[in-house]
Structure formats: C-alpha cells, structure tokens
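A quick write-up on the structure given underneath.
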Amino acid sequence: LRSLKLGDYLYENPPTVSRDTNLYEAVSIITDNKMSGICVVEEDGTLVGILSEMDCLRAVLDDVYNEDSRVGPVEDYMSTDLATAGPHYDAVSVAADMLKRGHRRRPVVKDGKLIGVASCRRLLQAFKDFNYNKTIS
C-alpha cells in the first residue's frame, strides 16, 4: 500500500442523515447509494450514530408484521455504541478490528466530526491494489 493511513482509503463526504430523518427516507438513501449503512450526524457534522441495513430491515419487518407499529425517525433505530477511527489510524489495524467486530464500515472522525467512512469495499480495493503490485514486482 502506498500508505497505511486510513485517511488515504476512506470514502469522503458520504451521504448522511439526521436523527429526525424518517426511516423510509434513510432506507431510500442507503439503497440508492448501494451502501450497507449510513452515518447519523448533527447539523454541525458531529457523529451521533449509525443506521445499518440490518437496523432498517428489523424496523421494516416490525412495521409489516405489527399493525400497531409506525416507523419513526432514524433515532429510534440507530446504533449509538460507535467504534470510530481517525484519519491517521493504521488501515490494516482498522480492517482487522472491523472483521473482529463484524462491522462493514468504520466512521472516520476528526474532532468529533464525520469526515468519511472506511468501508470493507474500499479497504479491499486498497489491499487488492497492494497485492497486485506485489505480485508483478
């Protein structure tokens, strides 16, 4: 890898939602952008949660099977127990921790503000490029 800094492999300025975004609107953003989840931020960019595809699926199925259920805002379904990384973190270490925790993405923050997301796909691309260059040298 040309660098092991996570900041070199993150998806910058990803789509985000706020706490009060309706869940179905968030689902549309996730599916339209082919994402496995979306970061939830305050107006100033402070990261407050993550809404995964699984969180959405759980809520939607509850809505489908429970007549009394009403899908509400993202805040009702998002995860707030967050693992984050800084742009200077080691990409290999972050990838190993993502695998250990079963996470498909890792929000990257600077001073508490979301600056990007390290995804499995983005990290795999970096590792693929590294191994391709290694095999032809």
Qualifying side-chain hydrogen bond (donor to acceptor under 3.5 Å, both in side chains) pairs, either residue in residues 44-54, two or more places apart: Asp44-Thr46, Asp44-Lys113, Thr46-Lys113, Ser52-Asp55

Nearest-0.5 Å distance that lies between atom CZ in Arg105 and atom OG in Ser36: 3.5 Å

Rounded distance [0.5 Å steps], CZ in Arg121 versus CG in Leu124: 9.0 Å

Shared hydrophobic cluster, Leu6 / Leu82 (ILVMFWY, side-chain heavy atoms < 4.5 Å): no

Evaluation steps, side-chain contact (heavy atoms from CB on, under 4.5 Å), between Asp97 and Arg106: CA-CA 10 Å; Asp97 190 61; Arg106 178 67 48 97; 2.9 Å; yes

Closest heavy-atom pair and its distance - Phe127, Ala91: CZ-O, 4.2 Å

Over 12 non-hydrogen atoms of neighbours within 6.0 angstrom of CZ in Arg19: yes

Spacing of Glu42 atom CD and Leu47 atom CG [to the nearest 0.5 Å]: 9.5 Å

Connected via hydrophobic side-chain network under 4.5 Å: Val117 and Ile115: no

Atom pair OG1/CG of Thr16 and Leu51 - distance to nearest 0.5 Å: 12.0 Å

hydrophobic_cluster_shared for Ile50 and Val17, side chain cutoff 4.5 Å: no

Co-membership, hydrophobic cluster, residues Tyr11 and Val41, 4.5 Å side-chain: no

Side-chain polar contacts of residues 83-90 - donor-acceptor pairs under 3.5 angstrom, sequence neighbours left out - could you list them?
unit_1, atom_1, unit_2, atom_2, d
Asp90, OD2, Val92, N, 3.4
Asp90, OD2, Ser93, N, 2.8
Asp90, OD2, Ser93, OG, 2.8

Modelled atom types, side-chain donor and acceptor of Ser79 and Asp81, under 3.5 Å: no

From CA spacing to verdict: salt bridge (Lys or Arg N to Asp or Glu O under 4.0 Å), Asp62, Arg58: CA-CA 6 Å; Asp62 187 46; Arg58 194 172 296 112; over 6 Å; no

Side-chain heavy atoms of Pro15 within contact of Ile38, under 4.5 Å: yes

ILVMFWY cluster, Tyr77 and Val74 together (side-chain gap under 4.5 Å): yes

Residues Ser28, Glu25; criterion side-chain contact (heavy atoms from CB on, under 4.5 Å); working and verdict: CA-CA 5 Å; Ser28 290; Glu25 184 180 336; 5.6 Å; no

Test item: Asn33 side-chain N/O and Ile29 main-chain N/O as donor-acceptor pair under 3.5 Å: yes

Interatomic spacing from CG in Leu61 to CG in Leu57 - rounded to 0.5 Å: 4.5 Å

Heavy-atom pair of closest approach, residues Val108 and Ala118: CG2-N, 4.0 Å

For Val27, all residues meeting side-chain contact (heavy atoms from CB on, under 4.5 Å), sequence neighbours excluded: Leu23, Thr31, Cys56

From NE2 (His103) to SG (Cys120), nearest 0.5 Å: 10.5 Å

